[in-house]
There are 2 protein chains.
Amino acid sequence: MKRPTIIDIAREVGVSKAAVSYALNGRGGVSPETRDRILDVAADLGWRASSAARALSSDRAATVGVVLARSPEVLRTEPFFMQVVAGLEQTLSAHGFSLQLALASDPATELETYRRWWAERRVDGVLLTDLRVQDPRPALLRELRVPAVFFGTERPMAGIPVLWVDEHDIADSAIGHLAALGHRRIGHVQGPEELRHTARRKRELRRAAAEFSGVTLVPDRGDYTESGGVAATARLLDAPEPPTAIIFDNDVMAVASVARAEELGVRVPAELSVLAWDDSMLCRVVRPAITAFSHDVGAAAASAALMLLELIETGVADDSRLQPRKLIARASTAAASG
Amino acid sequence: MKRPTIIDIAREVGVSKAAVSYALNGRGGVSPETRDRILDVAADLGWRASSAARALSSDRAATVGVVLARSPEVLRTEPFFMQVVAGLEQTLSAHGFSLQLALASDPATELETYRRWWAERRVDGVLLTDLRVQDPRPALLRELRVPAVFFGTERPMAGIPVLWVDEHDIADSAIGHLAALGHRRIGHVQGPEELRHTARRKRELRRAAAEFSGVTLVPDRGDYTESGGVAATARLLDAPEPPTAIIFDNDVMAVASVARAEELGVRVPAELSVLAWDDSMLCRVVRPAITAFSHDVGAAAASAALMLLELIETGVADDSRLQPRKLIARASTAAASG
DNA sequence: TTGAAAGCGCTACCAT
DNA sequence: ATGGTAGCGCTTTCAA
């Protein structure tokens, strides 16, 4: 069963290739009757445009690329990425686009992937996340003139549309929640330093802490992994004056640290309150369940995809703002014991 | 900066298109010197073959497709799928292939996706998982003559290479572990009925239970989700003669059920032992940590990808067997209290 | 309204 | 060893 081409259809109907192409693309230039006959035959034959041929002649791959640039361990454990993939795929496929996916273990590989994709005309645009400090990606993509959308950045970026988050209000909400419970010394186990929003969150939390007089923020370094989070927590709790609450930059570190804290005899939330910046099943199923900032990642990814499609289509796309996260209070945050 | 083509290279070097194509594909038919000059110029220009042009003329997309056919909820919460994606992508990209990904919420959509991909010549083959009862996919793919590899099936399949698992020994191991701890009545919260391996596991567990005289297996239906698992657990525990141990077909149901059981006053493992068929971070971080069957999903996906590449390349691929799962004993299984 | 024909970039066959 | 050249399947321009 050979796969049919427009030539087969043309022969069958008794018209030219061009007529078939017009009819199939709803482009006018064919009489209604021939159009219908062409569509009928195409359907009968189960015809579908060859993606390669169409890409070659239209110079459009109808594909969008995403590089997941995190360690395999983080990719596996963080539901975040699958939600992104799912949100993107659903939106893209609804618009006739495909998703090209790649993993990259280091920044150089990631850059090389964009170069290759673009040179091979494999993608019409790319979606980026996790803006880093001194991030080389925007410059490269601008230079290559690759349509790109950044999502989850802190603010607008020259030449690249962004879907940005405002960490200001969230920081207020986090500190406000804990301060209201009587916490005065609050730890903050951060994500990787190289991520731009890590610094941003720290700054906003510090600002928010300053506004609630008497609240001190004690930052420490995590890396989004279980072990990194646990180590940071141990350092905070070992200090001469340990915090009575800790804010974790992701769910994995929060959950792992709670388990570890309890093994060390520190009861949560009686002696230590815990708040996670990302929500997920992890936070819901552990005991105590963890207070978290929830966020519809799939929907955010879907919006980013729409922005990118618009950019590809029209050449421009407006920045837009992510829905703010919501605080989901659970059992891991309670009144300070002191 | 227009993207260069082989014509640009040919002009620059002063040879024909064909010579350039030969040189770039290492195909002989060009003198070493011209070959080198061509490669130099190509590198200088940053040339990359247009994927569409190559696909069109070679009739090879250099792409493999995977449809993730589960509900968004399961996709999000089960680390399994991201591991599959990661394992596939790494292997494929190492061989110059890409991964085409799609989601499908129902079987009809999944079938339609294969039809479309194949008709559009978008993929050279597909990878399948989760063989269902009365699964229409093998027949369709055979009919379409799409190279395909099934992975995680229970046994060989006519016309389609499989990467199969032997649940026999695992079942022995599961029942053996619990029987040795003194459990005589063991619950089994299954996965969705429509999955072929659900029935298979049940059968193997029952067989194994029969072999350890005195052990009774009490199966109940789950669906891999938190709520489904919790409901099944509640039914089991509400029975006149509740089991002292429960085997869960995945980690999500196990973890959610432990949390729920404890809320109901059933202590784990003192009053109820719990064993999960899949291991993941979830099982490690909750307290008590959950005894589980661990399994290198990424490696399995990588093998499946290699099989598919071989099938695409040579037209044949041998069946192969998955590495058996390993029992990771943790705190959730302990001696029966009775 | 219709059809012929020129690409799109690459592969591969056939002369030279 | 080298260079024309004919496709691959589709889009699109230009005549008819």
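Here is how names work: the chains are called A, B, and so on, in the same order as the sequence lines, proteins then strands, and each is numbered from 1.
- Within the structure, every side-chain polar atom (N or O) of Ser16(A) is placed at least 4.0 Å from both OP1 and OP2 of dA4(C).
- Using a cutoff of 4.0 Å between basic side-chain nitrogens and carboxylate oxygens, Arg37(A) and Asp40(A) are not scored as salt-bridged.
- Distance Arg60(B) CZ to dG9(C) C1': 19 Å, rounded to the nearest Å.
- Look at Arg121(A) and you'll find a side-chain N or O under 4.0 angstrom from OP1 or OP2 of dG9(C).
- A salt bridge links Glu110(A) with Arg132(A): the distance from a Lys NZ or Arg NE/NH1/NH2 to an Asp or Glu carboxylate oxygen falls below 4.0 Å.
- With rounding to the nearest 0.5 angstrom, the CD atom of Glu120(A) is 8.5 Å from the OG atom of Ser50(B).
- Remark: P of dC10(C) and CG of Leu24(B) are 9 Å apart, rounded to the nearest angstrom.
- Note on Thr5(B): only backbone sugar-phosphate atoms sit closer than 4.0 angstrom, heavy atoms only; bases stay farther off.
- Once you apply a 4.0 Å limit to the heavy atoms of chain B, the touched nucleotides of DNA chain D run 5' to 3' over dA1(D) to dG9(D).
- Heavy atoms of Asn25(B) sit under 4.0 angstrom from primed sugar atoms or phosphate atoms, though from no base atom.
- Mapping Ala18(B) and Ile6(A) onto DNA chain D via the closest heavy atom, the residue that lands nearer the 5' end is Ala18(B).
- Cation-pi contact between Arg155(B) and Trp164(B): absent, since separation from the ring centre below 6.0 Å together with deviation from the ring axis within 45° is not met.
- As a whole-Å value, the separation of Arg54(A) CZ from dG7(C) C1' is 17 Å.
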**Q.** Chi angles and distances behind the side chain to side chain contact (heavy atoms under 4.5 Å, CB included) call for Val297(A), Val84(A)
**A.** CA-CA 6 Å; Val297(A) 177; Val84(A) 169; 3.6 Å; yes

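- Counting only N and O atoms by type, the side chains of Ser98(B) and Arg122(A) include a donor and acceptor under 3.5 Å apart.
- Arg122(A) places its CZ atom 16 Å from the P atom of dG9(C), with the value rounded to the nearest Å.
- Side-chain N or O atoms of Arg35(B) include none that pairs as donor or acceptor with a backbone N or O of Gly26(B) at under 3.5 Å.
- Rounded to an integer number of Å, the gap from CD of Glu120(A) to C1' of dC10(C) is 13 Å.
- Residue Ile7(B) contributes atom CD1, which lies 7 Å from atom P of dG9(C) at whole-angstrom precision.
- Across all strands shown, Ser21(A) has heavy atoms under 4.0 Å from base atoms, whether or not it also approaches the sugar-phosphate.
- Along DNA chain D, the nucleotide nearest Val30(B) and the nucleotide nearest Ala49(A) are compared for position; the residue whose nucleotide lies closer to the 5' end is Val30(B).
- Contacts of Ala19(B) with the nucleic acid, taken as non-hydrogen atoms under 4.0 Å apart, involve only primed sugar atoms and P, OP1 or OP2.
- Across dG7(C), dC10(C), dT2(C), the shortest atom-to-atom separation from the side chain of Thr34(A) is found for dT2(C).
- Here the side chain of Val15(A) is nearest to one of dT2(C), dG9(C), dG3(C), namely dG3(C).
- In this structure, CZ of Arg48(B) is placed 20 Å from C1' of dC8(C), rounded to the nearest angstrom.
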Q: Applying salt bridge (charged side-chain N to carboxylate O under 4.0 Å, His left out), run through Arg48(B) and Glu112(A) and close with a yes or a no.
A: CA-CA 12 Å; Arg48(B) 298 289 196 149; Glu112(A) 175 53 21; 2.5 Å; yes

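- Straight-line distance from the OH atom of Tyr22(A) to the C1' atom of dT2(C): 9 Å, rounded to whole Å.
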